[in-house]
4 protein chains.
Amino acid sequence: MSLTLPEDNTRRMELVRIAARLFRDQGYERTTVRDIGTAAGMQSGSLFYHFRTKEEILVAVMALGITRTTEQLAAALARENKPLERVRALFHVHLNSLLGENQAALEVMLYEWRSVSSESRPGLIVLRDRYEALWQQVLDEAAAAGLVKANTRLLRRTLLGSLHWTVQWYNRSGTLGVAELADQIMALTLKD
Amino acid sequence: MSLTLPEDNTRRMELVRIAARLFRDQGYERTTVRDIGTAAGMQSGSLFYHFRTKEEILVAVMALGITRTTEQLAAALARENKPLERVRALFHVHLNSLLGENQAALEVMLYEWRSVSSESRPGLIVLRDRYEALWQQVLDEAAAAGLVKANTRLLRRTLLGSLHWTVQWYNRSGTLGVAELADQIMALTLKD
Amino acid sequence: MSLTLPEDNTRRMELVRIAARLFRDQGYERTTVRDIGTAAGMQSGSLFYHFRTKEEILVAVMALGITRTTEQLAAALARENKPLERVRALFHVHLNSLLGENQAALEVMLYEWRSVSSESRPGLIVLRDRYEALWQQVLDEAAAAGLVKANTRLLRRTLLGSLHWTVQWYNRSGTLGVAELADQIMALTLKD
Amino acid sequence: MSLTLPEDNTRRMELVRIAARLFRDQGYERTTVRDIGTAAGMQSGSLFYHFRTKEEILVAVMALGITRTTEQLAAALARENKPLERVRALFHVHLNSLLGENQAALEVMLYEWRSVSSESRPGLIVLRDRYEALWQQVLDEAAAAGLVKANTRLLRRTLLGSLHWTVQWYNRSGTLGVAELADQIMALTLKD
DNA sequence: GATGAATGAGGGTTCATTCAT
DNA sequence: GATGAATGAACCCTCATTCAT
């Protein structure tokens, strides 16, 4: 099962985006291929021209989510070289990918792991590790600069947990913006 | 659907514990009533003598998870009056309930929310809010004592997110004990 | 399966009456033994002390319905010797047994025949034939007296059909009384 | 639940006819969807591509039964203008729909009413009332012509009851033909 | 006489998947 | 690329019935 992003295949890409939203809103198990077909304006059987199985759709959604976020983080880090700004990028990119408009894929990546077959896991783990390696690097720099505490491996995990959990309580239609929230969580994290 | 804990009904209670483990390991949707029956040594139909629906089992598991944890936290807090020790209780009780041996129900509470019907949610939310109110109170005291930062409402949410996420990466058979992990996460949280 | 009326067994008789009402209101197939137990204030399993199977309850209900009605008709005919009055008795007894208060068993006899096993049918057919023989005799007398048309075998069947069907449209809480209805249907039947 | 007759959908129509016969012979409750599937040469699950629920099949059968009969009666009445002949049409069309070859749907309409959900009833009642309105009109004309007694509303009900009941005793393989039976019942009904 | 707990077969229904057209 | 129809396995749940207590 290839994890190549199907950027070149626009119809497939569109289906992945549609599925991402449904998986996020209803859960993977509770979303039927009929649901996806209906949302895409086609019969459920037609989906199987684009994907071999329902799980392949899930994996494609997840790969999209983690890859897009990794690309965005890499791009942001390429623009910043001050440790504090680089830390800020971690929070902003991650929260935007989770809570921003038209985002759904990363959340699926986080919360539907159990439905991924053992065959598909290794490929996704590679993608996830690549993303977390960026985090680790930035946090290490920040610790060296005295911005955060030294236990950066645990810090990475607790921070990611904090951010992941925001999808459970953040109110998209409330007054607190995503960027503002990112700054507030960062403030809680910094020493002093 | 009553949320009364069926402490007095031992058979039902046993079934809840069995289901909790299955729901945690395979997910609620992927666990069949036949799975539960088999694990309990009975026919799947027999389950419906004790529960009206599969979802009622889920709700019972969740209610057990959050109620037990609340009781344990309340008991621990009753024994401590120093702010730092009270904060420590938050971490230890929570992580023990999530990662300790023979624990499963709280994790189900956190990760299967989407499968709870809208009719059952309010009752569970009440239980959850009761638990989080204890957290809020202890964190407020700690902030007043200068132990943690002042934005305690957000702090409560990010800390809980950090702890919840441990189930995704903590290795029960590794060298890091649950209590030690709790202390390390607390250390990351405290000012200085 | 004995068709002896269990007059001597009051508890069993009470259960038959309770079942009759449920079978009439919901249908035999849609009525569960749990329903009967609940209505009788006992567990469903306890019913099987009184009856071997659910079908035995149905047969008991039917036997009660047809036997009671036969007894009432025989008693009424014993009091009348004028052909017109005897015909009137046919209509009054039958409609009272179908539509009167606290009546249910005869209606079950008419409309749940399909659920009776082939083993139980002969016994019930005997009871039914005994009842219809009374009808046939009275109609023959009436034809001889010029009260009704001569095709009494067909007349018996169409009249019984007319009366049976009243349960589908008669409104127990309306202004038309059962006795009045019986007279009106009789009027339609008489010659002239 | 649409009551439109699915004339244009031949597969669905075929399933309705198959179900009609099973429902008539075994009763709706005693007929399983597996029975229907087997009779139609398909898996039971496949039925649910054509119908949402088993009850939808029942309603389709009933709608077919009453609509077909209404159409046939309307067509027959359009050909006759003498009161006696119009009355004869009532009996012939109705009995043919109940007892004729390849007929089953109307009988289901009459005897499975209890299994129709309250949501589906109003639509069917409209269809039934349309049919009975034709009866009422013809009987009123006949009464005006002195052919039948004046209490036509009750007459309509008792006549329909008589005819409905024929399914319980008429022997399809006996010597009495359906048309002959219709004439005999009509003869019992006419004045003189 | 009755209960509580369970059985076990079967019920209607769902749903990912297939495939001829 | 897509459809319409079907598959077939599995799902949750029901229910008459049993039986030790």
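Here is how names work: the chains are called A, B, and so on, in the same order as the sequence lines, proteins then strands, and each is numbered from 1. Source: prediction; values computed, not measured.
Between B/R21 and B/E107 there is no salt bridge, since none of the side-chain N atoms of the basic residue sits less than 4.0 Å from a carboxylate O of the acidic one.
Formation of a donor-acceptor pair under 3.5 Å by the C/S46 side chain with backbone atoms of C/M42 is not found in this model. At least one donor-acceptor pair under 3.5 Å links the side chain of A/R114 to the backbone N or O of B/R24. No donor-acceptor distance shorter than 3.5 angstrom exists from the side chain of C/Y111 to the backbone of C/L106, with no hydrogens or angles considered. Under the 3.5 Å distance criterion, the side-chain polar atoms of D/R121 are matched with a main-chain donor or acceptor of D/V116. Of the possible donor and acceptor atoms, one in the side chain of D/T67 sits under 3.5 Å from a partner among the backbone N and O of D/A63.
A residue-by-residue look at C/L47 and B/R11 shows that C/L47 has its nearest nucleotide of DNA chain E further toward the 5' end. If you find the closest nucleotide of DNA chain E to B/G41 and to D/F48, the one lying nearer the 5' end belongs to B/G41.
Every stem involving DNA chain E, taken as at least 3 paired positions in a row under the Watson-Crick or G-U wobble test at 3.5 Å, is listed here: E:2-21 with F:2-21.
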Under 3.5 Å, which donor-acceptor pairs link side chains of residues 31-39 of chain D to any protein atom two or more places apart or in another chain?
unit_1: D/T31; atom_1: OG1; unit_2: D/L22; atom_2: O; d: 3.3
unit_1: D/T31; atom_1: OG1; unit_2: D/Q26; atom_2: OE1; d: 3.4
unit_1: D/T31; atom_1: OG1; unit_2: D/G27; atom_2: O; d: 2.6
unit_1: D/T32; atom_1: OG1; unit_2: D/R34; atom_2: N; d: 3.3
unit_1: D/T32; atom_1: OG1; unit_2: D/D35; atom_2: N; d: 2.9
unit_1: D/T32; atom_1: OG1; unit_2: D/D35; atom_2: OD1; d: 3.4
unit_1: D/T32; atom_1: OG1; unit_2: D/D35; atom_2: OD2; d: 3.4
unit_1: D/D35; atom_1: OD2; unit_2: D/T32; atom_2: N; d: 3.0
unit_1: D/T38; atom_1: OG1; unit_2: D/R34; atom_2: O; d: 2.9

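A cation-pi arrangement is present between A/K54 and A/Y28, with the terminal nitrogen or guanidinium carbon under 6.0 Å from the aromatic centre and inside a 45° cone about the axis.
A/E56 places its CD atom 14 Å from the C1' atom of E/dA16, with the value rounded to the nearest Å.
Residue C/M42 has its side chain nearest to E/dA2 when only F/dT7, E/dA2, E/dT17 are considered.
Applying the 4.0 Å criterion to OP1 and OP2 of E/dG4, one finds that C/Q43 has a side-chain N or O inside that range. OP1 or OP2 of F/dA5 has not a single side-chain nitrogen or oxygen of D/S46 nearer than 4.0 Å.
Only the C1' atoms considered, E/dG1 is 13 Å distant from F/dT21, to the nearest whole Å.
Within residues 27-38 of chain C, no residue approaches DNA chain E, by heavy-atom distance under 4.0 Å.
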